[in-house]
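Here the structure is laid out as structure tokens; the discussion comes afterwards.
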Amino acid sequence: MVTMPRMLKRRFLIILILPLVVFAAGVPTAQIVRGQSAAQESPERDARMRWFREAKFGLFIHWGLYAVPAGEWKGQAIPGIGEWIMNRAKIPVKEYEQLATQFNPTKFNADAWVQMAVDAGMKYIVITSKHHDGFAMYGSKVSPYNILDATPFKRDPLKELAAACARHKIRLGFYYSQAQDWHEPNGAGNTWDFGADDKKDFDQYLRGKAEPQVRELLTNYGPVCLIWFDTPRMMTAERSQRFADLLHTLQPQCLIDGRLGAVGDYRSMGDNSIPQAVLKEDWEVPATLNHTWGFKKDDTDWKPPSELVFKLVDIVSKGGNYLLNVGPTAEGIIPQASQDNLRAVGRWLKVNGEAIYGAGTTPFGTELGAYSETEKDKTGKPVFTVSEDWRCTIKPGKLYIHLFRWPGKTFELHGIKDTVERAYLLADPAHKRLAIMSSGDTVTITLPAQPPSEYDSVLCLATKAAVAKR
Ligand code: FHN
């Protein structure tokens, strides 16, 4: 039997009510870029953020010339993430550029990629339009170093993806490396060809390439749900504002991630870094399925669907979005294991999606884990041990208890006195009522002998009082 340590009902209420009080403040967003803090919430921002808050699960795609070497350069395996091979192996621009002549992803099928995202239950797609290597994966008039002009492929995959996304009614966003551009003498990052960054005319690069390319992306590809900027080296507030102004002018609904250089529309967590507690602001965690973003032929250490489902639920219960990456090959194929594992998540979501899309954060918190009283990390701080028994997401009038470990005959929950009217498992198509016993602020639900779902069996508790949605 899983029991939750007792907690104060007052704390429960404060957690539910506080976001409503703060969001109601409606402070205008006249700050640099667009404010993301709850104190800056306005009806306009609320409307703009709505789809993102509902979506919860997105597909990240890292695809570029780096898929050709796939982690190996001149017969040597290059350690680190695949899309950094140019930097890690200090490949001169003149040599790296040659990869374009070999890049011919004839197996690329935009509809198949989008269909996979749909099957996985993902609600938005973010693809690299230009990564740090400086190569544009779309037909750019700003620089000939792009897939349409420099490869034998001679197609614009972003155009094809935009059309496929429109057909499948899924949102599309673009990753754009605004600061690092290892192909350009004045872009940040390439010190092996062009010397130290502080000697470069960075604004010349920004104005001459990055800003006009972002303009192209916001002009030629229909509605763009977000621009995913990254690694904001040398990005002052003024430089960031220039990009933000472009977005505001060309596509005011388009969101800015948290890595532009000044405050964006939401917070981007570190790669694969899930916070320990609920965060009230909007946030997203970019994450890998193995250990690389761009395709690497040697990296086959795939996270199993059980781990992906746990992470998705964990993230949603803390108020975030999960942007999960695939790294397609140079032929244009998403690795089969990535496809299989994502589709397994999608099958779970088909049954249990009600507890994910648009769901609010846990009103509890004790189920997330605890700081060790004895163990310390290198800096002397207590180690946080993540607990993986259960999580909770909410909707008005519903508590969804995600059971990752089947607790046995009963599940006991404390601190929700007299509120549960009905209990059933989402995986049971008949939603057969489960027996409920209430005693004080403890509710005990009688469960069947076996969990109905392989990864996470969701127990829905319908409550009398409507529970506030975040
Ligand atoms: O340097 C990049 C990396 O290649 C990858 O794109 C990730 C995705 O979040 N972002 C940067 C590192 O944080």
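Just follow the structure's listing: the first ligand is 1, and inside any ligand the first atom is 1.
- With hydrogens and angles left out, the side-chain atoms of H132 and S177 include a donor and acceptor closer than 3.5 Å.
- Side-chain rings of F52 and Y266 approach one another, their centers coming within less than 6.0 Å.
- Across W182, Y66, Y96, a single residue satisfies ring pair (Phe, Tyr, Trp, His ring centres under 6.0 Å) together with W84, and that is W182.
- Set against the non-hydrogen atoms of H132, the atoms of ligand 1 under 4.0 Å away are 1 (O), 2 (C).
- Using a 4.0 Å cut-off to heavy atoms of Y175, the atoms of ligand 1 that qualify are 6 (O).
- One side chain, E97 or H183, offers a donor N or O that lies under 3.5 Å from an acceptor on the other.
- Scanning the protein for heavy atoms near atom 13 (O) of ligand 1, the closest one is D271 OD2, 2.7 Å.
- Checking W293, W113, F295 one by one against W63, the ring pair (Phe, Tyr, Trp, His ring centres under 6.0 Å) holds for a single residue, W113.
- Close contacts of ligand 1 with H131, meaning ligand atoms under 4.0 Å from a residue heavy atom, involve 3 (C), 4 (O), 5 (C), 6 (O).
- Residue W84 places at least one N or O, backbone or side chain, under 3.5 Å from an N or O of ligand 1.
- Between D230 and H131, the side chains place no donor N or O within less than 3.5 Å of an acceptor N or O (distance only, hydrogens not considered).
- Side-chain N/O atoms of Q213 and S140 include a donor and acceptor closer than 3.5 Å.
- At least one N or O atom of R259, backbone or side chain, sits closer than 3.5 Å to an N or O atom of ligand 1.
- With ligand atoms numbered from 1 in the order given, ligand 1 contributes 3 (C), 4 (O), 5 (C) to contacts under 4.0 Å with heavy atoms of E83.
- Looking at W228 next to ligand 1, no N or O pair under 3.5 Å apart turns up.
- Heavy atoms of Y66 come nearer than 4.0 angstrom to ligand 1 in no pair at all.
- Using a 4.0 Å cutoff on heavy atoms, Q180 does not count as a contact of ligand 1.
- Remark: among candidates N87, D230, N325, D133, the nearest residue to atom 10 (N) of ligand 1 is D230, based on non-hydrogen atoms.
- Tested against Y124, the residues F60, W51, F174 include a single ring pair (Phe, Tyr, Trp, His ring centres under 6.0 Å) partner, W51.
- For atom 5 (C) of ligand 1, the closest non-hydrogen atom of the protein is H62 NE2, 3.5 Å.
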